[in-house]
Amino acid sequence: MNQLQFFNSFSLPTYKLSQLGANWQWRELESTSSCLWECISIGVQLGFLGVIIVRVLQKCVGWIWNSYSGDGKSTDRAAENRPISQKLSISYRVGVGCSVLLLMIHVLMAFVLRNGSHCNSGIEVISSKIMGVIAWGGAVFAVFGVLRDKSVDYPWILRGWWFCSFILSIVHVVLDLHFGNFKHLRVQDYVEFFGLLPSILLLGLSIHGHTNIVFNVHNVLDDPLLPEKRLDQERDEKDSPYGRATLLQLVTFSWLNPLFSVGYKKPLEKEDVPDVCRIDSAKFLSHSFDETLNFVKKKNNSTNPSIYETIYLFGRRKAAINAFFAVISAATSYVGPYLIDDFVSFLTQKKMRTLSSGYLLALAFVSAKMIETIAQRQWIFGARQLGLRLRAALISHIYQKGLRLSSRSRQNCSSGEIMNYMSVDIQRITDFSWFLNTVWMLPVQISLAMFILHTNLGVGSLGALAATLVVMSCNIPMTRIQKNYQTKIMEAKDNRMKTTSEVLKNMKTLKLQAWDTQYLQKLERLRKLEHHWLWKSLRLMGISAFVFWGSPTFISVVTFGVCVLLGIELTAGRVLSALATFRMLQDPIFNLPDLLSALAQGKVSADRVSSYLHEDEIQQDSITYVSRDQTEFDIDIENGKFSWDLEASKASLDQINLKVKRGMKVAVCGTVGSGKSSLLSCILGEIEKLSGTVKISGTKAYVPQCPWILSGNIRENILFGNDYESTKYNRTINACALAKDFELFSCGDLTEIGERGINMSGGQKQRIQIARAVYQDADIYLLDDPFSAVDAHTGTQLFEDCLMGALKEKTVVYVTHQVEFLPAADLILVMQNGKIAQAGGFEELLKQNIGFEVLVGAHSQALESIVTIENSSSNCQLPKPEKELYEDSPMNVNPRKSQHDLVQNKNSAEITEKGGKLVQEEERERGSIGKEVFVSYLTIVKRGAFVPIIILAQSSFQALQVASNYWMAWACPPTSDTEPVIGMKIILLVYSLLAIGSALCVLLRAMLVAITGLQTAQTLFTNMLCSILRAPMAFFDSTPTGRIINRASTDQSVVDLEMFTKLGWCAFSIIQILGTIVVMSQVAWEVFAVFIPITATCIWYQQYYTPTARELARLSGIQRAPILHHFAESLAGAATIRAFNQEDRFFKTNLGLIDDHSRPWFHNASAMEWLSFRLNVLSNFVFGFSLVLLVTLPEGIINPSIAGLAVTYGINLNVLQASVIWNICNAENKMISVERILQYSKIKSEAPLVIENCRPPSNWPQDGSICFKNLQIRYADHLPDVLKNISCTFPGRKKVGVVGRTGSGKSTLIQAIFRIVEPREGSIIIDEVDICKIGLHDLRSRLSIIPQDPSMFEGTVRGNLDPLERYTDQEIWEALDKCQLGDLVRAKDEKLNSSVVENGENWSVGQRQLFCLGRALLKKSSILVLDEATASVDSATDGIIQNIISQEFKDRTVVTIAHRIHTVIASDLVLVLSDGRIAEFDSPKMLLKRDNSFFSKLIKEYSTRSQNFSSLANQRYD
C-alpha cells in the first residue's frame, strides 16, 4: 500500500476504534503506518544531529583559526577573568529536567522494551530507537551548553528539536490510540503516553525561547552600585510570593496559600496583601509603555502614534503565551467528544474487549481533562495579568497626559470625561485582552468540531457547518448595531458623569441657591437618555442569548435532518458524540457575540482614549530658560502675543514687552477681564504663544487666584514634597500669618484638610498656598491676587512679613486690586484689553493721567469715606504694630464663654483621639455580604415577582434539553446492526419540538432578565442620586468626590451591565449541574459515593476561599477611588504642579496608587484561579471515577446508549461544578458594587425641603430681621466648635457688616443662616420664624447670596443666571448691565447663549463674581448676603457694585462680609467676630469712639496703610 493510500485511509471513518481487528486490511495498515512513523522519526533525528555536528565543526574551525591568527591574544583578558555569578531560573531547570527525563525514557525504550514495536522491520525499529537516544543525548548536551556559553536564549536548533519531538510524540500517541490493539496493551504504550508531559513543557520553553538565567559580571567600579540593585531585586522577590514561586506553585497557584491562611483567620487589611511582582508594577509597566510608544513614533515618523500598534507591541509576548495555553485548552476539550463513540462501542461490545482497553479510554478522557484544566487556568490567569498590565500602563499614561494638557484641550476634555476614560474605557480595553484569546480558540474549536462530526456523520457534517455559519452570520448585523448602541451609551454616560462631577464640585452653591432639585432633575434626564440606550443594548443582548443558547439544538436539528435526508445511519454512539460536539460548539458560538461585543466596546473605548492622548499639550518651547549667570533679567518678554483660543479673532494678550530685573517687585493691576491673570500665565507658559519670545532665569513659584489645596494635612501642603526643616518652616508660617491659626486647630499643622480645602476659610487656604510658595525658596514668585481673601490686618502682615520680608531678595510679580499695595512696587503694570496700557512707578503713573488714576481715584474715594466717619468719632491713638489686633478684652468677651469652655474641655479627648481628621477612611463592610443586600437587589422590582418566573423558564429549558438528548439516546439504535425502535422521521420531529420549546424558554428568560436587571439598576441609581443630593454639606466636606464618582461610574456600570447576568448565571449553573447529576444518576447511582464527599470538599474550599476573596474585592474597590481622587486634584492644580516642576513627584504618587489598587486586584484574580483549579481537579476525579465505574460494571446492567449520554454530560461536569462555585463567588464579588451603592442610598438626609404644616407666608421675609440666640456650630461631632454662643439681632432693612480675622467664623455664620450647617445648640429667627422649623427650600429660595467662591456651570450665560427659567431676557439684560457685564456679553456672537465651559474657566474670577451678583439682582430677595462678593474685582468696579447694591437693596437687609473696610464702613451695624465669638456688635460710629475696640484698630490700620507702604517703599531704596 503506497503512502497516498495510507493518508486517504487514515482520513476515512472506516477505521474507528469500534472496528479494531474487523478485517485483514487492518494489520497491513497498522504495519505500514508504524514503519512510516519510524522512518519519519529517523529523518528528523538525523537532521537534528547533522545540524549539531555542523555547529560543533564551525566552532572548532573558528577556534583553530583564532589560535593561528593570534586574534585571541588581543581579547580583553581582564574581561574574561572577571568573576561571573549566575542565578538559574525555573524555566532552565525545567528544560534540563525534561530533557534528561526524555533521554532516560528513550534509553528504557531502546534497551529494555526492545520487542514492543508495531513495525515488522527490525532495522527501522532499532535505528529509530538508537537515533532517539543519540538525539536526546545531543539535546541534553546542548542544554548544558547554554550555561557554558552564558546565553540568555535557547539555541534555535534546540528549540526546533523540542518542537519537532513534541509533534512526533503527539502523532505517535494518536496513531497508537487510533490503530492500536487494546486487547494487548504494552508497557511501551504507557511510557510513551506519560512522556507527553515533559514534551508539552519543552514545547512551551521552545515558544518562550528565553532561559531567564541572570548572569552578573562583577566589576570593581560597579561593585558599590550592584549590592543596592541586588537588594532591590531581592526585596521585590521577598515582597511578592508570585515572583519567587516555583513551577509547581505557579501551576497549582499554591503560592497564594499564606495569604489564604491569613484571610481565613481575620478580615484582610491593606498591609496583609503582598506587593505585585516587579514586572507587574506600575513603574515598570509605565516605563515599558513609554518605550513602546517612542518606538512606534520613530518607526512611523509620527507625532501621533497609533494606540493599537502600541498596545499590540506592548502586550504581544504575554498575549502569545496566553494564546498558546488557550489553543491547548481548546484542543484538549474536544478529546472527550471524539472518544464518546468509541466508549459506547466498548460498552456495547464489552464481551469482545478487555478491561484494560476500557481503562485506557478512561485514562485518555481524564488526562485530556487535566491538560485542559491546567492550560485553561493558565490562559485565564495570563489574560487577567495582561489586563492588569494594560490598565496600569494606560492609566499612568492618561495621568501624564492630564498634567500636560493645554488650556484649549482642557476645555475640550472635562474632568468628568477624563474620569470616564480612566474608570470605564480602560476597563473595556482590558476586558478585550480576555476575549482576545477567543480569536485563537474559535478556529481550533470549530475545526475540531467539524472533524469529529465528519468522522462520525460523513457528509452530514456539512449540514452542521452550514447551520453554524448561519448562526455566526447573525452576529454581523447584531454586532454592528451593538457597537452603535455602545457608542451612544458611552456618550450618554460621559454627559451624565460630566454633570455629576460639576454638581459635586459646586454642591454648596446649589444648596445656597436652592437649585439642588433642578439639577437633580437634570441628572435624571441625562440618566433617562442613558437608560434608553441601555435598554436597546440589553434587548439586543437578550435576542443574542436566545439565538446562541438555542444554537446547539438548531444545529443538531439541521444536522440530523440532513443525515436522515441523505440516508446516513444514526447510531446512539454517533448521535451522542455529535450532541457532545454540539454542546462543545456552543462555547465558541456563545463566545462569538461576547467577543464581537467586547471588540465593539474596546474599539469605541480605544478610539476615545486615543483621541484624548492626541489632544494638544502645553507648548514645551514657549519659554526659553536662561542661566542666571548669563543675564540680569529674571523675566524677559519681547513682542509677546498670546491667546487662550487659537480660533479667536483677537489675541488674549498682545504687544507684551516686559523686562524684570532680579529682585524687582512688579505689581499688576487693571479692571476685571483686562488680562492680569493671563499675563502671569504667559510667564508660566500656560497660554499658547503665537509670537515673540519669553525668557526666564531661575525657578518659579506660583500662587493661583483660586486656592488649590491638596487633601492631606496642612504641613504636607506647605512642604509640597520638600524635606521638613524646622527653622525654615517656622519662618515661613510666621511670614504667612499662620501661627495663630495653627493654635486654633486641634492638631496644629497636622490637622487634615478636606477635599479642595473645604473645611478651611478662604483666607486660610490662600495663606497656606502662599506658605507653600515661600517654602519652595524659588527665584521668581508669581502671585495672582494673593490678598483678596484675607482681612486688612492679615493683608498688611502678609505684605510686610512675606512680600517685603521673606521674599525681599526675590523677584515677585503680584496681581492685586488693592491700590494700597501698589506704592511699594518697583514697577506697576496697568492692563487694559489684553495689553500693558501703562508701566512705571506709582507717582509716574499718576502723572500720566491716562487710566491708572481711575483705579486710584476709586480707592481714594473709599478712603475718604472712612476718614469722614473716623473724623466724626473721637480721636484715638494708633495701635502699636507689635500688638495683636484681635486679642480678647474683658469688656467684649461673651459672658457665656466659661460655660462653653466646659463643653469644649469635655470634647477635647474625643477631638484628640480623632486626630483632627475631617475626611475619614472610606467605609468598608467587614465579613460576608449580608443576605439583606442580595434580598434588596432581588426584590427591588415588583418585590421579586420575576425571579421565580426566570428560574422556572431556565429549569424548563434544562428539562427540555435533557429530555431531547435522552430521547435521541433511547430512540436511536446502539449499533448499525440494530433496528431503530421508531422511524427516524418521528424521532427527529419529537426532537425538533423539544428543541423549539427549550429555545422559547431561553427567549422568555433572557428578556425577563434584561428587563428586571435594568429596572433594578435604574431604581438603585435613582435612590443613590436622591440620597447624595439630599445629603447635608457635612457629607461632602468629609467625602472626597472620587468616592462618589467611583460609585456613580464604575459601580453603576457593574449594576447596569453585569450584575444581573452574574446573579442569573448562579441560578443557571446550579440548574445545569442538577440536570447533569440526574442524568448520571440514571446510569450509575454508585457515583454518588464519590460525588457527595467531593461536593462537600468543594463547598469547604469555597468557604475557605470566600473570606479572603471578598476582602480582596472590597479592598480593590476602595483602592480605585484614590486614583480618581488624586487625578481630579492633579487636573485642578495642573498649572501649579507645572509651575513648581513637581510633575515627577505627582506621577510617582499616581504610580503608587495604581500599585495599591493592583495588589488586591491581582491577588483577587489569582485567588479565583486558585479555587477554580482545585474545583476542576476534584470534578475530573468524579468524572474519572464514573468512567472507571462504567467500564468495570458487568455487561447488561446498564444501557450503553444511556451510559454514553451520562458520559456526554459528564464531560462538562468539571466545567459545571467549577462554574457553580465560580459564579457564586463572582456574583458575591460583583454584589459588592450593589453594597457600595446601597451604602450611599442610606445617607442621613438634610432637613425636608418643604414642611407642609410649617410653610412660611408667601411674602416672608418682609422686614428681614435676623435674630441669633445662643448659636453654637461645629462641622463634625469630633471637631471643635467654630461658632460659640452667638447671640445678637440684625434689625430688618439695615446694612450689617461682619468683620474679623481670617478663620474667625464669618463664613460659618452665613452658612448657618442658610442652614448649610445645622446649629448644635441655639436658634436663628428671621421675621419671627424659626428657620430650623421650616423646609430648606422655603428658606433658601427666599434668601440671596453672593458666595466667597464664585461658581459657574457648563452651559450658557443665560443658564447660569437663570437655571430655573423664571425671568425674561429683558430682566436678564438689565441685571447684566447693573453688574457691569452687559457690554461684554453683547460683544459675543451668541449673546445670552454664549458658552460657559466647565467651572467657568473661560471667564475670569472677577467676572464670575459679577455673574453671582447678577443672580442676586434677578432674585430680589428681602435679605442679601455678600460673602467677600467683590474680593476679586478692582477698586473702581467695587465702587460701582457697592453703589448698585445700595440702590437696588436700599429697603432690604444686607449682610456683608468684607476685608475691604470701605465696603462695611457705611453699614448701619458692624459685627466683629474673634475665634468664633462676638467680640463687638454696634454701629461704626460707636465702635470708633472706643479706643480699644477691634473695629477702631482695624480702621486705623486700613487708613494708614497706603502711607505706610509708601514709606516702606522708600525704606527699601534707602
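Residue numbers count from 1 along this sequence.
Shown here for Asp1475 and Lys1284, the closest heavy-atom pair between the two residues is O-NZ, 3.2 Å. Closest heavy-atom contact between Leu405 and Ser409: CD2-CB, 3.7 Å. Taking each heavy atom of Val1282 and Gly1305 in turn, the nearest pair found is CG1-CA, 4.4 Å. Taking all atoms of both residues into account, the shortest heavy-atom contact from Ile1457 to Ser1307 is CD1-N, 3.9 Å. Nearest heavy-atom pair, Thr811 versus Gly663, reported as atom, atom and distance to 0.1 Å: OG1-N, 2.9 Å. The two residues Gly402 and Leu1131 make their nearest non-hydrogen contact at O-CD2, 3.7 Å.
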How far apart are the C-alpha atoms of Arg628 and Asp634, what are their side-chain angles, what is the distance that settles it, and do they pass the salt bridge (Lys or Arg N to Asp or Glu O under 4.0 Å) test? CA-CA 8 Å; Arg628 291 182 68 77; Asp634 276 355; 3.1 Å; yes
Would His397 and Ser286 satisfy side chain to side chain contact (heavy atoms under 4.5 Å, CB included), going step by step from the backbone distance to the final call? CA-CA 7 Å; His397 205 64; Ser286 175; over 6 Å; no
Where do Leu807 and Val774 land on the side chain to side chain contact (heavy atoms under 4.5 Å, CB included) test, with the steps shown first? CA-CA 7 Å; Leu807 304 181; Val774 172; 4.2 Å; yes
Full working for salt bridge (Lys or Arg N to Asp or Glu O under 4.0 Å) between Arg1138 and Glu686: CA-CA 9 Å; Arg1138 288 192 290 265; Glu686 294 294 319; 2.4 Å; yes
Verdict with reasoning, Trp708 to Lys765, per side chain to side chain contact (heavy atoms under 4.5 Å, CB included): CA-CA 8 Å; Trp708 177 67; Lys765 286 188 285 188; over 6 Å; no
For Lys676 and Asp785: C-alpha separation, side-chain torsions, deciding distance, then whether salt bridge (Lys or Arg N to Asp or Glu O under 4.0 Å) applies. CA-CA 9 Å; Lys676 301 182 297 298; Asp785 204 6; over 6 Å; no
Side chain to side chain contact (heavy atoms under 4.5 Å, CB included) between Ile718 and Leu738, intermediate numbers included: CA-CA 11 Å; Ile718 294 174; Leu738 282 167; 4.1 Å; yes
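Between Tyr775 and Tyr729, the ring planes lie perpendicular to each other; the angle is over 60°, past the 30° to 60° tilted range. By the 30° and 60° cut-offs, the orientation of the rings of Phe787 relative to Tyr814 is perpendicular.
With Lys665 contributing its side chain and Lys808 its backbone, the two residues share a donor-acceptor pair below 3.5 Å. Under the 3.5 Å distance criterion, the side-chain polar atoms of Thr1039 are left unmatched by any main-chain donor or acceptor of Phe1036. In terms of modelled atom types and a separation under 3.5 Å, the side chain of Arg1043 and the main chain of Ala1121 share no donor-acceptor contact. Side-chain atoms of Arg1408 come within 3.5 Å of backbone atoms of Gly1400 as a donor-acceptor pair (strictly under, hydrogens ignored). The backbone N or O of Phe1314 lies less than 3.5 Å from no partner atom in the side chain of Lys511, so there is not a single donor-acceptor pair. A distance-only check finds a donor-acceptor pair linking the side chain of Tyr781 to the backbone of Ala773 [under 3.5 Å]. Side chain of Asn734 to main chain of Arg731: no donor-acceptor pair is present (N/O by atom type, distance under 3.5 Å, no hydrogens or angles). At least one donor-acceptor pair under 3.5 Å links the side chain of Tyr612 to the backbone N or O of Ile398. Although no hydrogens or angles enter the test, the distance criterion places no donor-acceptor pair under 3.5 Å between the side chain of Lys508 and the main chain of Ile1316. Of the possible polar contacts, none joining the Gln797 side chain to the Cys736 backbone as a donor-acceptor pair under 3.5 Å is found.
At a threshold of 4.5 Å between non-hydrogen side-chain atoms, the residues Val666 and Val812 do not count as touching. Inter-residue side-chain proximity for Glu502 and Asn506 is flagged as met; some heavy-atom pair is nearer than 4.5 Å. Inter-residue side-chain proximity for Val815 and Gln705 is flagged as unmet; no heavy-atom pair is nearer than 4.5 Å. The side-chain heavy atoms of Phe1140 and Arg772, taken from C-beta on, include a pair separated by under 4.5 Å. Side-chain atoms of Cys802 and Ile770, non-hydrogen and from C-beta on, do get closer than 4.5 Å to each other. The closest side-chain heavy-atom distance from Asp784 to Val703 is not below 4.5 Å. Between Thr1149 and His1126 the shortest side-chain heavy-atom distance falls below 4.5 Å. At a threshold of 4.5 Å between non-hydrogen side-chain atoms, the residues Leu798 and Leu803 do not count as touching.
Atom-to-atom distance recorded for Gln1119:CD and Asp1155:CG is 11.0 Å, nearest 0.5 angstrom. Rounding to the nearest 0.5 Å places CD1 of Ile1137 at 8.5 Å from CD of Gln1142. Atom CD of Glu1318 and atom CE of Met1033 lie 13.0 Å apart (nearest 0.5 Å). Rounding to the nearest 0.5 angstrom, the gap separating the OG1 atom in Thr1050 from the CD1 atom in Ile1045 is 10.0 Å. Taken to the nearest 0.5 Å, the CG atom of Asn1046 stands 12.0 Å off from the OG1 atom of Thr1041. Separation of atoms CG (Leu1124) and CD1 (Ile395) is listed at 8.0 Å; rounding is to 0.5 Å.
Defined by atom type and a distance below 3.5 Å, a donor-acceptor pair is present between the side-chain atoms of Gln769 and Gln766. Glu752 and Asn713 share no donor-acceptor pair across their side chains, judged by distance under 3.5 Å alone. For the residue pair Ser681 / Ser678, no side-chain donor-acceptor distance below 3.5 Å is found, with atom types taken as modelled. Defined by atom type and a distance below 3.5 Å, a donor-acceptor pair is present between the side-chain atoms of Glu1129 and Ser711.
One finds no salt bridge joining Lys700 and Asp779 here, because no Lys/Arg side-chain nitrogen approaches an Asp/Glu carboxylate oxygen to under 4.0 Å. By the 4.0 Å N-to-carboxylate-O rule, Arg404 lies too far from Glu1143 to be salt-bridged with it. Taking 4.0 Å as the cut-off between side-chain N and carboxylate O, Glu617 and Lys401 count as a salt-bridged pair.
More than 12 heavy-atom neighbours from other residues, nucleotides or ligands sit within 6.0 angstrom of NZ on Lys728. For Asp1144, the CG atom is loosely surrounded, since the number of other residues' heavy atoms within 6.0 Å does not exceed 12.
Between Asn1150 and the options Pro1122, Ser1130, Ser396, a side-chain contact (heavy atoms from CB on, under 4.5 Å) holds for only Ser396.
Aromatic ring centres of Phe1411 and Phe1353: separated by at least 6.0 Å.
Cation-pi check for Arg1145 over Phe720 is met; the charged atom lies under 6.0 angstrom from the ring centroid and within 45 degrees of its normal.
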